[in-house]
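Contents: one structure, followed by commentary.
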Amino acid sequence: MYPVDLPAMRDTDLTSASEEYLSSLESRPHQNQWFPLSQTTEVAISAEHVRRLQLFEDDRPDCTLLALHSPDDPTHVVALYLHEKWWHVDDVLRTSSDSRMGLILVQSLTERVVMFLLSRVVERSPQDKVVFSLHPRTESCKVLWRDGQAVGFYTIKHKGSLCDGCSNRCYLLPALDTLLVRRSWRRRGLGLQMLTDFCTSFSAEPFLGVSSPLSPGMVAVCRSFLQKHQERLEHLYEVEAPGGWAQRRNIWLSIKLGRYSLGVNEERTLTSGETSRYEDDSSQKQASNCSVGPTSLTTYSVNTHLAEGPSVQQIKSCDPRSPSSKSSGTVCSPAAHAEDPDSGHPTRPPPPQRREKPEEETQSRAKRCRRT
C-alpha cells in the first residue's frame, strides 16, 4: 500500500510527527541512516539533508512535512516523511486501489500532499522556478488518476468564495483556477478531460471562468473544447478576480480575434480539417451584426461588451478575403481593433456633391463669360 491508501491523518499529527523526527535527527548527528535512491546510490538521512516544507498558503497553524533532498541540490526532493517512514516521491504519487481512477475530489490530507507534489516538486526542473504558488488549505480541487498514479489536477474557485484573505471580495462565477498535466502524460487529451469535467460540474451556471492569464497550452485546450461543445461558446470566459463584467473576456471571441498566441506544439494538436472547417464557418457568419451585451455575445459577434457602463469596446468585423478589402488595399487587424478604446459612434460620411450635366456645365460657363 501507498501513503494515499493508508488511514487519513490530521494536519496536527503530521506536523508533530515531523518535528519529533527532526529533533531526533539533530540529537544524533553521527548516527545516520541511509535512503536508497536506486540500486547503486543512496543518500544519508541527516539533519543537513532534511528540510521542512510548508503545505498551504498563509498556513495558520503551520502544517509542515519533512522532505529529504539530494546532497548536491537542496531543491531536488527525493523522499517525504509520512506515516513514520520515508517514502520515495514517486511512491507518494501512486495508489494500490483499483477504485482510485479518473478525477477524484481531494478530501484527505495525503491527497493534498499529492497535489502539493504535482504543483511544487515533480514538475520542477533544477533551473526552473516552481510551477504554482501554494494553494489555500480549503482549496477545492480534483486529482486525475491513471494506471495507479496521479497524473494531473485542477483547482476551482467557487462562486461566492473569497478572492483572497486581504479583502471581502468574492468570486461572481465559478472559475477553473489552475490545471496541470504531468509532462510524461501530455498530448493525450487529459487537459481537455479536466476542462470538460469542470464545465459539466457547473452545467447549471450561465457563465464559467478560466483564470487569467491563459497559457498557450490552455488556449489550445479551450479551443478544442469549444469546437466540440459549441453550445458553450457564449458561456466560457477568461476572468480576473472577482469576475465581474469588467474582468471578463470571452475566450472563443478572443481566439477568433487572434488575441492569443498558440505555440508550435499546440497548433499541431488541431488537425487541418478542424482548423479550416471552423475558420470557413466563421468568415461566412462575421458579416451579420449581433446585438451588444454580455448575455448576447455570440460565436461570431462583431460587437461585444467587455465591461459594463460607458467603457465599451466595439470590434468592427473585417474579412480580408472580401472584394472590398482587396480593392481598397486596407489591412484587417481585429486584434488591434480590440485594444482600441471606444471612440464613440461612427461619423456619417458627407453627402455626395451634386455633379452638373455637360449641358448645364456649358450654360453656366457661358453665363460667367457674359457677366465678365
Side-chain angles (χ1 to χ4, degrees), residues 1-9 11 14 35-43 53 55-56 63 65-70 73 75-126 128 130-135 139-156 176-198 200-201 215 217-218 220-221 265 269:
M1 297 180 72
Y2 297 100
V4 75
D5 305 314
L6 297 176
M9 56 183 175
D11 51 356
L14 174 63
F35 182 81
L37 299 180
S38 64
Q39 294 181 352
T40 58
T41 60
E42 54 186 10
V43 58
L53 295 180
L55 277 183
F56 305 118
C63 183
L65 74 162
L66 298 181
L68 181 67
H69 61 78
S70 170
D73 184 7
T75 64
H76 181 207
V77 177
V78 297
L80 295 180
Y81 186 75
L82 296 168
H83 295 282
E84 300 182 351
K85 64 175 294 186
W86 287 100
W87 298 83
H88 197 281
V89 168
D90 289 340
D91 290 336
V92 180
L93 297 174
R94 294 184 182 277
T95 180
S96 58
S97 175
D98 295 334
S99 61
R100 197 179 294 274
M101 176 64 69
L103 284 161
I104 305 295
L105 183 66
V106 170
Q107 295 178 323
S108 68
L109 180 62
T110 310
E111 289 173 329
R112 294 197 176 275
V113 172
V114 169
M115 192 186 74
F116 172 84
L117 288 177
L118 291 174
S119 62
R120 304 275 297 182
V121 177
V122 296
E123 292 302 306
R124 176 183 179 181
S125 58
D128 293 337
V130 293
V131 180
F132 296 113
S133 59
L134 289 172
H135 292 92
E139 186 87 313
S140 179
C141 50
K142 290 185 177 182
V143 172
L144 180 60
W145 296 87
R146 281 287 186 92
D147 297 339
Q149 57 183 311
V151 299
F153 74 91
Y154 77 88
T155 64
I156 305 166
L176 191 156
D177 191 45
T178 58
L179 184 150
L180 179 136
V181 178
R182 298 188 67 176
R183 291 187 179 94
S184 58
W185 286 83
R186 293 176 186 174
R187 330 304 296 176
R188 306 187 189 188
L190 301 184
L192 179 61
Q193 177 184 348
M194 287 189 276
L195 178 59
T196 304
D197 181 82
F198 166 73
T200 303
S201 300
S215 66
M218 193 63 202
V221 170
N265 292 333
T269 60

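Every value quoted in this text rests on a predicted model; they were computed, and no experiment measured them. Note: hydrogens, waters and symmetry copies are ignored here, and every other heavy atom, side chains too, is used.
Between the OG1 atom in T95 and the CG atom in D147 there is a gap of 12.0 Å [rounded to 0.5 Å]. The distance from atom CZ of F153 to atom CD of E139, rounded to the nearest 0.5 Å, is 9.0 Å. Once rounded to the nearest 0.5 Å, the distance linking CG of L180 with CE of M218 reads 11.5 Å. Atom CZ in R182 sits 11.5 Å away from atom CG in L144 (nearest 0.5 Å). To the nearest 0.5 Å, atom CH2 of residue W145 and atom CG of residue L93 are 7.0 Å apart. Between the CG atom in L55 and the CG atom in L14 there is a gap of 6.5 Å [rounded to 0.5 Å].
When side chains are defined from C-beta on, M194 does not count as touching L176, because their heavy atoms never get closer than 4.5 Å. Here the side chains of T75 and H69 are not in contact, with every heavy-atom distance at 4.5 Å or above. When side chains are defined from C-beta on, H88 counts as touching F35, because their heavy atoms get closer than 4.5 Å. The side-chain heavy atoms of L117 and L80, taken from C-beta on, include a pair separated by under 4.5 Å. A heavy-atom distance below 4.5 Å is not found between the side chains of L68 and Y81. Inter-residue side-chain proximity for R112 and C141 is flagged as met; some heavy-atom pair is nearer than 4.5 Å.
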- Message: Between R120 and L134, does the side chain to side chain contact (heavy atoms under 4.5 Å, CB included) criterion hold? Intermediate values first, please.
- Response: CA-CA 8 Å; R120 304 275 297 182; L134 289 172; 3.9 Å; yes

- Tell me, with the steps shown, if L6 and T110 meet side chain to side chain contact (heavy atoms under 4.5 Å, CB included). CA-CA 9 Å; L6 297 176; T110 310; over 6 Å; no

- Hey, mind stepping through V151 and R188 against side chain to side chain contact (heavy atoms under 4.5 Å, CB included) and telling me if it holds? CA-CA 11 Å; V151 299; R188 306 187 189 188; over 6 Å; no

- Task: Mind running side chain to side chain contact (heavy atoms under 4.5 Å, CB included) on V143 and E111 for me, showing each step along the way?
- Result: CA-CA 8 Å; V143 172; E111 289 173 329; 5.7 Å; no

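Minimum interatomic distance between S201 and K142 (heavy atoms only, all atoms of both residues): OG-NZ, 3.7 Å. A pairwise comparison of heavy atoms in A67 and L53 identifies CB-CD1, 3.4 Å as the closest pair. Looking at every heavy atom in both residues, V181 comes nearest to L179 through CG2-CD2, 4.3 Å. Across all non-hydrogen atoms, the minimal contact from L109 to C63 is CD1-SG, 4.3 Å. Heavy atoms only, all atoms of each residue included: S140 and L105 are closest at OG-CD1, 4.3 Å. Annotation for Q193 and L103: closest pair O-CD1, 4.3 Å, computed over non-hydrogen atoms.
Residues S99 and S97 have side chains that bring a donor and an acceptor to within less than 3.5 angstrom of each other.
Judged purely by atom type and a 3.5 angstrom limit, W87 uses its side chain to pair as donor or acceptor with the backbone of L82.
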